Amino acid sequence: MSQLPSRSEPDRRASPPLPTNSQPKKGLAVAALVVGIVAFLAGLVPWAGLLLGLTAFGLGIYALTRGQSKVMALVGGSLGSIAAITGLISTSALMMWLLSGNA
């Protein structure tokens with residue numbers, strides 16, 4: 001007969017530990033970087049640069065608070081903030097031109 005451990009005796013056969021993912025997740029940081037690059041390239045387009053820039057900046061800040069890749073989050077957030085500023089300037093210029101009656 002095989003010997004089974006009794007109920008009072010603990011099972012000595014321990015399962016192997018589950019593998020842990022030692023690399024930090026980078027999803028939000030990559031998203032911030034990609035949206036930041038697109039926003040930077042579209043920064044002079046009214047409204048698009050402003051909205052994409054604010055989105056990239058927000059994603060970068062959120063990625064930093066979640067402990068993701070610091071470099072990608074900072075670069076994406078920085079590009080997003082530059083795009084948001086240029087988008088705000090171009091959107092303001094367009095709105096002033098449209099409201100001045102010269103359109």
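Because the structure is predicted, anything quoted here is derived from the model rather than measured.
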State the [atom1]-[atom2] distance between [X] and [Y], to the nearest 0.5 angstrom.
X	Y	atom1	atom2	value
Trp47	Leu94	CH2	CG	9.0 Å
Met95	Leu88	CE	CG	12.0 Å
Leu28	Thr65	CG	OG1	8.0 Å
Leu52	Ile37	CG	CD1	12.5 Å
Ile85	Phe57	CD1	CZ	9.0 Å
Leu50	Ser92	CG	OG	8.5 Å

Write down the atom of [X], the atom of [Y], and the distance for their closest heavy-atom approach.
X	Y	result
Gly53	Ala39	N-CB, 3.6 Å
Thr91	Pro46	OG1-CA, 3.5 Å
Ala32	Gly60	CB-N, 3.6 Å

Taking a hydrophobic cluster as the set of Ile, Leu, Val, Met, Phe, Trp and Tyr residues connected by side-chain heavy atoms closer than 4.5 Å, whether directly or through intermediates, do [X] and [Y] fall within one such cluster?
X	Y	answer
Val30	Phe40	yes
Leu59	Met72	no
Val71	Val34	yes
Val38	Leu33	no

Is the side chain of Gln68 donor-acceptor paired with the backbone N or O of Ala29 at a distance under 3.5 Å, no angle test?
yes

